[in-house]
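Down below is the structure, laid out as structure tokens.
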Amino acid sequence: MTLHGVQYPIRETISNLEKRFSSEGLFRINRSTIINHRMVEGYVAGTKRDTAQLIIKPIYLAYIEDPNSPIFQVTKDFLNSFRSGLEEL
């Protein structure tokens with residue numbers, strides 16, 4: 001887990017974390033990333049088919065090394081649930 005640029009090891013699977021925190025507005029966007037919906041301003045089409053690149057709100061950019069990093073790409077396996085989750089907010 002990364003918080004304020006510091007990485008913390010955890011002994012929980014990402015699937016369990018996804019289930020545990022989905023009601024708190026956290027979304028799984030790919031195999032290795034869960035993101036807080038408050039950080040997301042929007043998204044654009046990704047570089048690969050059926051993917052999306054997140055647009056991070058400017059207020060959070062100071063905490064992120066590279067907002068264009070693949071870590072902020074929603075992969076096709078998670079794209080539909082991500083879009084649905086944003087619509088529910």
Legend entry - side-chain contact (heavy atoms from CB on, under 4.5 Å) partners of E12, counting only residues at least two apart: N16, L17, R20
Legend entry - Sequence-distant partners of R83, side chain to side chain donor-acceptor pair (under 3.5 Å), two or more places apart: Y43
Legend entry - Side-chain heavy atoms of F82 within contact of T75, under 4.5 Å: no
Could you tabulate the donor-acceptor pairs under 3.5 Å formed by side-chain atoms of residues 24-31, not counting sequence neighbours?
unit_1 : atom_1 : unit_2 : atom_2 : d
R28    : NE     : N30    : O      : 3.1
R28    : NH1    : S15    : OG     : 3.4
R28    : NH1    : E18    : OE1    : 3.4
R28    : NH2    : R31    : O      : 3.3
N30    : OD1    : S32    : N      : 2.9
N30    : OD1    : S32    : OG     : 3.4
N30    : OD1    : T33    : N      : 2.9
N30    : OD1    : T33    : OG1    : 3.0
N30    : ND2    : I71    : O      : 3.2
N30    : ND2    : Q73    : O      : 3.0

Legend entry - side-chain contact (heavy atoms from CB on, under 4.5 Å) partners for I56, two or more places apart: I35, M39, L54, Y60, L61, I64, P67, F72
Legend entry - Qualifying residues under side-chain contact (heavy atoms from CB on, under 4.5 Å), relative to V44, sequence neighbours excluded: Q53, I55
Inset, instruction - Sequence neighbours left out, what pairs pass salt bridge (charged side-chain N to carboxylate O under 4.0 Å, His left out) with at least one residue falling in residues 54-70? - result: none
Inset, instruction - Take atom CD1 of I59 as the centre, draw a 6.0 Å sphere, and report whether it contains more than 12 heavy atoms from other residues, nucleotides or ligands. - result: no
